[in-house]
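Remarks on the structure that follows.
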Amino acid sequence: MRHFGHISPTAREGLFFREPSTFTADSPARMLSVALGATLYSPATRPSLADDVLKQAGRGVVSMVLCLEDSIDDAEVTGAEANLIRQFAALAARTTAPGTAPECPADAGGTPDAAGADVPLLFIRVREPAQITDLVRRLGDSVRMLSGFVLPKFTEERGRQFLEALAEAETACGRRLFAMPVLESPELLHLETRGDILQGIARSVDKYRDRVLALRLGVTDFCSAYGLRRAPDMTAYDVHIVASVIADVVNVLGRADGTGFTITGPVWEYFRRQERMFKPQLRRSPFLEGRAEELRTALIEHDLDGLLREIELDRANGLLGKTCIHPSHVAPVHALSVVSHEEYTDAQDILSPERGGGGVLRSAYTNKMNEVKPHRAWAERTLQRAEVFGVAREDVGFVDLLAAGLTN
């Protein structure tokens with residue numbers, strides 16, 4: 001699979017200076033943690049879940065979470081588990097494992113057949129550790145479609161039980177399974193317990209470092225502890241009590257010195273049926289001068305302005321990728337994850353072997369100074385993102401990338 005693999009090769013060539021690389025479920029964890037992108041959540045109760053997964057794959061989704069936790073009623077858990085077993089079997093019968101099928105690009109005229117698309121990386125969000133081993137046993141051969149588990153309300157004590165169950169399940173099924181802990185407990189939010197909780201989480205995930213793909217933030221739960229809910233024109237960073245937790249999580253768990261983990265951005269709760277609203281503008285003037293402002297206005301008018309600002313603030317604060325609860329959020333997240341030509345040029349200059357001794361140089365765009373030693377970690381992360389999301393051509397911007405994602 002690859003990001004923007006759902007659009008035609010011709011369209012990709014016109015958009016990218018360096019195209020996104022392909023990857024599979026068996027790619028190195030470092031690459032997969034960056035490649036997660038917009039991780040789309042879906043309740044495990046959906047009767048057409050296998051079809052939904054393939055449909056979203058055809059629209060560019062590369063990672064999904066099938067949820068047995070907060071998205072379903074307590075009384076639905078048993079039925080949802082049985083549904084997951086059926087749906088994984090259906091996927092296994094119709095496809096190969098995630099990312100292993102040959103790429104099936106669209107022709108110049110439109111969308112690829114969803115059934116021919118690569119299956120996204122699939123994760124199950126469980127409630128309790130025992131569900132991990134039980135579900136792996138019940139999945140049987142179709143466990144090959146599974147990439148791992150999302151572990152809710154993760155603390156040191158709960159986390160140890162979850163991760164031990166994951167290790168047991170790996171041994172039983174004979175394949176690599178990743179964990180994505182969700183940091184959302186009230187103890188993490190409360191100032192008097194935050195430091196101890198963070199240190200405990202750090203101990204837990206460090207012990208299982210090879211299996212922890214990313215850490216996810218449960219900002220909705222944070223807000224719930226204080227009866228808060230951000231409005232559609234506000235980001236998580238405007239809610240100061242939430243922003244302070246994000247900062248501390250990155251401080252302890254997101255360091256660029258080799259000890260940190262990928263930390264993903266929080267969920268955006270608001271949506272409308274934006275795609276239908278955008279497509280008339282895109283059909284009238286695709287890739288023509290003047291379209292950018294028209295589409296940008298449409299984005300702002302239909303509740304995406306807050307999402308776009310939050311994605312930018314996520315990256316500025318050390319987060320990568322985002323939890324998504326609606327398909328319309330995927331294209332903006334991926335479009336804003338592409339590395340600009342200017343960023344790529346700066347990163348290449350900073351990491352040039354000739355600059356190994358440090359120093360300061362003027363950027364190729366002659367608009368900033370690049371300090372080799374202080375900016376090195378930024379440059380390394382930028383090139384990791386460039387590997388999986390690609391590098392835009394010099395004259396290609398966010399609106400062009402978004403338009404390509406929405407029109408295919």
Among residues two or more places apart or on two chains, list those pairs meeting side chain to side chain donor-acceptor pair (under 3.5 Å) that have a residue in residues 163-174. Glu170-Arg211
Decide yes or no for Met1 and Pro120: does some side-chain heavy atom of the first lie under 4.5 Å from some side-chain heavy atom of the second? no
According to the interplanar angle, ranging from 0 to 90°, do the rings of Trp378 and His375 count as parallel (below 30°), tilted (30 to 60°) or perpendicular (above 60°)? perpendicular
Go through it in stages, so that I can follow the logic: the residues are Arg158 and Glu187, the test is salt bridge (Lys or Arg N to Asp or Glu O under 4.0 Å), and I'd like the CA-CA distance, side-chain angles, deciding distance and then a yes or no. CA-CA 13 Å; Arg158 275 176 59 84; Glu187 295 85 357; over 6 Å; no
Is there a side-chain contact between Leu188 and Glu184 in this structure, where contact means two heavy atoms from C-beta onward sitting under 4.5 Å apart? no
Pair Asp26, Thr24: side-chain N/O donor-acceptor within cut-off below 3.5 Å: no
Rounded distance (nearest 0.5 Å) linking atom CG of Leu54 with atom CG of Leu49: 10.0 Å
Check: His334 side chain, Ala38 main-chain N or O, donor-acceptor pair, under 3.5 Å: yes
Indicate yes or no for a side-chain donor-acceptor contact from Ser363 to the backbone of Asn367 under 3.5 Å, with no hydrogens or angles considered. yes
Distance check, rounded to the nearest 0.5 Å: Gln161 atom CD versus Phe154 atom CZ? 10.5 Å
Look at the rings of Phe23 and His3 and say which category their plane angle falls in: under 30° parallel, 30 to 60° tilted, over 60° perpendicular. tilted
Are the side chains of Leu402 and Pro332 in contact, using a 4.5 Å heavy-atom criterion? yes
For Lys368, I'd like to know if atom NZ has over 12 heavy atoms of other residues, nucleotides or ligands within 6.0 Å. yes
Going by heavy atoms in the side chains, are Leu15 and Ile7 under 4.5 Å from each other? yes
Applying the side-chain contact (heavy atoms from CB on, under 4.5 Å) test to Tyr41, which of Leu66, Val150, Val267, Asp70 qualifies? Val150
Are the aromatic ring centres of Phe149 and Phe162 under 6.0 angstrom apart? no
Would you mind reporting whether Leu336 and Phe398 have side-chain heavy atoms less than 4.5 Å apart? yes
Do the side chains of Arg175 and Val136 get nearer than 4.5 Å, heavy atoms only? no
Residue pairs passing the side chain to side chain donor-acceptor pair (under 3.5 Å) test with at least one member in residues 228-239, sequence neighbours excluded, are Arg229-Glu269, Arg230-Glu310, Thr235-Asp238, Tyr237-Asp314
Are Cys324 and Val333 packed together at the side-chain level, in the sense that at least one heavy-atom pair is separated by less than 4.5 angstrom? yes
Please lay out, stage by stage, how Arg376 and Glu380 fare under the test salt bridge (Lys or Arg N to Asp or Glu O under 4.0 Å). CA-CA 6 Å; Arg376 185 174 186 84; Glu380 290 171 346; 3.4 Å; yes
Test side chain to side chain donor-acceptor pair (under 3.5 Å) applied to Ser204 - qualifying residues, sequence neighbours left out: none
Going from OG1 on Thr39 to CG on Leu213, what distance comes out if it is rounded to the nearest 0.5 angstrom? 9.0 Å
Crowding at CG, Asp141 (>12 non-hydrogen neighbours, <6.0 Å): no
Distance-only, no hydrogens or angles: does the Arg209 side chain make a donor-acceptor pair with backbone N or O of Val205 under 3.5 Å? no
For Arg127, is there any backbone N or O sitting under 3.5 Å from a side-chain donor or acceptor partner on Glu69? no
Tell me whether Arg315 at atom CZ has more than 12 heavy atoms from other residues, nucleotides or ligands lying less than 6.0 Å away. yes
Any side-chain heavy atom of Gln348 within less than 4.5 Å of one from Val391? no
Can a donor-acceptor pair be found, under 3.5 Å and without considering hydrogens, that links the side chain of Glu19 to the backbone of Gly390? no
Quick one, Asp134 with Arg138, criterion salt bridge (Lys or Arg N to Asp or Glu O under 4.0 Å). Give me CA distance, side-chain angles, the key distance, then yes/no. CA-CA 6 Å; Asp134 181 57; Arg138 293 165 65 188; 3.2 Å; yes
Got more than 12 heavy atoms from elsewhere within 6.0 Å of CD, Glu192? yes
